[in-house]
There are 2 protein chains.
Amino acid sequence: MGSVRLSDAEWRVMNEVWSRSPASARDVLEGVAEETGWAYSTVKTVLARLVEKGALSSRLRANTTLYEPVVTREQARRSALSSLLESAFGGRASSLVQHLLDEERLSGRDRSELTQLLQSEAAKGSEREGASNDA
Amino acid sequence: MGSVRLSDAEWRVMNEVWSRSPASARDVLEGVAEETGWAYSTVKTVLARLVEKGALSSRLRANTTLYEPVVTREQARRSALSSLLESAFGGRASSLVQHLLDEERLSGRDRSELTQLLQSEAAKGSEREGASNDA
DNA sequence: CATTTTCTTCTACAACTGTAGAAGTAGACA
DNA sequence: TGTCTACTTCTACAGTTGTAGAAGAAAATG
């Protein structure tokens with residue numbers, strides 16, 4: 001019930017639809033044209049595949065098809081993340097975060113957001129110290 | 001120079017080779033059989049593709065081909081991570097970590113490793129407070 | 001040496017991806 | 001109403017991935 005394997009092209013399109021839903025093919029194209037240079041029919045094809053997969057729904061307004069997300073960004077993220085976690089990090093979340101901290105080129109903004117986040121989370125962690133610890 | 005796009009099957013195989021390098025096709029198969037039930041020739045095909053891609057090197061010992069990593073686990077992880085980061089999290093590392101913390105099912109072990117990690121990192125963060133912050 | 005085992009290389013094939021052209025159709029405008 | 005415009009659906013095609021059978025060659029075994 002929760003697996004929405006998205007390809008790169010599909011992520012691009014979904015990202016558009018998530019931010020400007022409901023979206024027409026034209027809308028998506030506009031949002032994506034700059035970076036991709038895609039043809040209109042390319043967008044249309046990807047959209048169709050996403051509907052087939054159940055990631056989007058489509059309805060008709062006048063002669064134009066409008067698309068809306070069925071799968072949420074959260075769901076898609078979760079599933080992508082957990083699949084990467086599994087295949088690439090042997091399921092170790094800490095390993096993944098470690099990597100992110102050590103190796104990834106983070107912007108200043110990222111770094112401060114992260115620090116923020118980590119501090120509050122670490123706080124929560126020690127509050128909870130000694131509590132039952134299993135999932 | 002650093003892009004090693006690995007597919008799921010390729011991750012499986014690479015994981016074997018990384019842990020028991022140099023590895024023969026048979027070695028890989030043994031490591032992977034339990035979970036996948038793959039045929040020998042499947043392993044062989046994936047190995048061949050990995051050599052083609054430059055992720056593995058192969059040399060002959062007697063009549064058997066031995067495979068060794070060319071790409072390190074770190075490199076592969078980095079590239080997978082950064083591509084996920086890009087497509088799924090708009091490049092926001094903090095978003096990704098947030099997600100991991102909120103949404104992912106983490107084991108107790110994971111959680112404590114993470115907390116550990118986060119605490120020390122947060123510490124580093126505040127030490128550095130007020131320093132120049134750009135990448 | 002004949003046979004069995006173990007490797008190897010070739011070939012295959014269906015599903016999924018990236019990308020798009022062509023041709024048809026409905027609505028807008030002169 | 002005829003013509004342009006903006007949509008739509010179909011079809012295509014090459015590359016990647018998952019998965020494996022078949023047939024050939026070398027090594028081990030009796």
Side-chain angles (χ1 to χ4, degrees), chain A residues 3-17 22-67 71 76 79-80 83-84 86-88, chain B residues 3-17 22-67 71 76 79-80 83-84 86-88:
Chain A
S3 26
V4 238
R5 207 43 144 173
L6 301 178
S7 74
D8 283 3
E10 288 169 344
W11 271 105
R12 277 223 158 78
V13 169
M14 286 301 287
N15 281 329
E16 281 318 304
V17 180
S24 68
R26 181 74 36 192
D27 293 337
V28 172
L29 180 57
E30 267 158 24
V32 128
E34 187 80 5
E35 293 215 344
T36 65
W38 282 348
Y40 179 93
S41 54
T42 299
V43 172
K44 215 41 184 142
T45 302
V46 176
L47 283 166
R49 287 175 184 169
L50 285 166
V51 171
E52 239 179 282
K53 283 195 188 190
L56 293 177
S57 69
S58 62
R59 80 189 133 92
L60 222 56
R61 199 246 292 137
N63 65 325
T64 300
T65 307
L66 294 183
Y67 300 86
V71 165
S79 105
S83 115
L84 180 69
E86 226 22 73
S87 44
Chain B
S3 27
V4 238
R5 206 38 144 179
L6 300 179
S7 74
D8 282 3
E10 289 170 343
W11 271 105
R12 277 221 157 77
V13 169
M14 287 300 286
N15 281 329
E16 280 319 303
V17 180
S24 68
R26 180 73 37 187
D27 293 338
V28 172
L29 180 56
E30 268 159 23
V32 128
E34 187 81 4
E35 293 216 344
T36 65
W38 281 349
Y40 179 93
S41 56
T42 299
V43 172
K44 213 45 182 137
T45 302
V46 175
L47 283 166
R49 287 176 184 167
L50 285 166
V51 171
E52 239 179 281
K53 283 194 187 190
L56 293 177
S57 70
S58 62
R59 80 189 133 92
L60 221 56
R61 198 245 294 137
N63 65 325
T64 299
T65 308
L66 294 183
Y67 300 86
V71 165
S79 106
S83 116
L84 180 69
E86 227 20 72
S87 44

For this session: Report the residues that fulfil ring-ring contact (aromatic ring centres under 6.0 Å, His included) with B/W38, sequence neighbours left out, ordered by chain and then residue number.
Result: none

For this session: Figure out the CG/P separation between A/L47 and C/dT19, and round it to whole Å.
Result: 14 Å

N/O donor to acceptor pairs below 3.5 angstrom from side-chain atoms of residues 39-49 of chain A, sequence neighbours left out:
| from | atom 1 | to | atom 2 | distance (Å) |
| --- | --- | --- | --- | --- |
| A/K44 | NZ | A/Y67 | OH | 2.7 |
| A/T45 | OG1 | A/S41 | O | 2.8 |

Problem set entry | Residues which pass side chain to side chain donor-acceptor pair (under 3.5 Å) with B/S24, listed by chain and number, not counting sequence neighbours | B/D27

Exercise. In whole angstrom, what separates A/E35's CD from C/dG18's C1'?
Worked result: 16 Å

Problem set entry | A/V4 versus A/A55, closest heavy-atom pair with distance | CG1-CB, 4.3 Å

Exercise. To the nearest angstrom, how far is A/Y67 atom OH from D/dT9 atom C1'?
Worked result: 10 Å

Problem set entry | d(CG, A/L60; P, C/dA26) in whole Å | 11 Å

For this session: Give the rounded distance in Å between these two atoms: CG of A/L50 and P of C/dT19.
Result: 14 Å

Problem set entry | Phosphate contact (C/dT9 OP1 or OP2) by B/K44 side-chain N/O below 4.0 Å | yes

Exercise. B/E34: what forms a salt bridge (Lys or Arg N to Asp or Glu O under 4.0 Å) with it, not counting sequence neighbours?
Worked result: none

For this session: Would you please name every residue forming a side chain to side chain donor-acceptor pair (under 3.5 Å) with B/S83, sequence neighbours left out?
Result: B/R5

Exercise. B/Y40 side chain N/O closer than 4.0 Å to the phosphate oxygens (OP1, OP2) of C/dT8?
Worked result: yes

Exercise. Which pairs, with at least one residue in residues 53-64 of chain B and sequence neighbours excluded, count as a side chain to side chain donor-acceptor pair (under 3.5 Å)?
Worked result: B/E10-B/K53, B/R59-B/E68

Problem set entry | A/R61 CZ - D/dA6 P separation (whole Å) | 15 Å

With 3.5 Å as the limit, what N/O pairs link the protein to nucleotides 24-30 of chain D?
none

For this session: Could you check if a side-chain atom of B/V17 sits within less than 4.5 angstrom of a side-chain atom of B/V28, using non-hydrogen atoms only?
Result: yes

For this session: Output all residues satisfying salt bridge (Lys or Arg N to Asp or Glu O under 4.0 Å) with A/E35, sequence neighbours left out; order by chain, then residue number.
Result: A/R12

Seminar exercise, completed: Heavy-atom contacts, protein to nucleotides 13-23 of chain D, under 4.0 Å, summarised as B (base), S (sugar-phosphate only) or - (none) per nt, yield ----BBBBB--

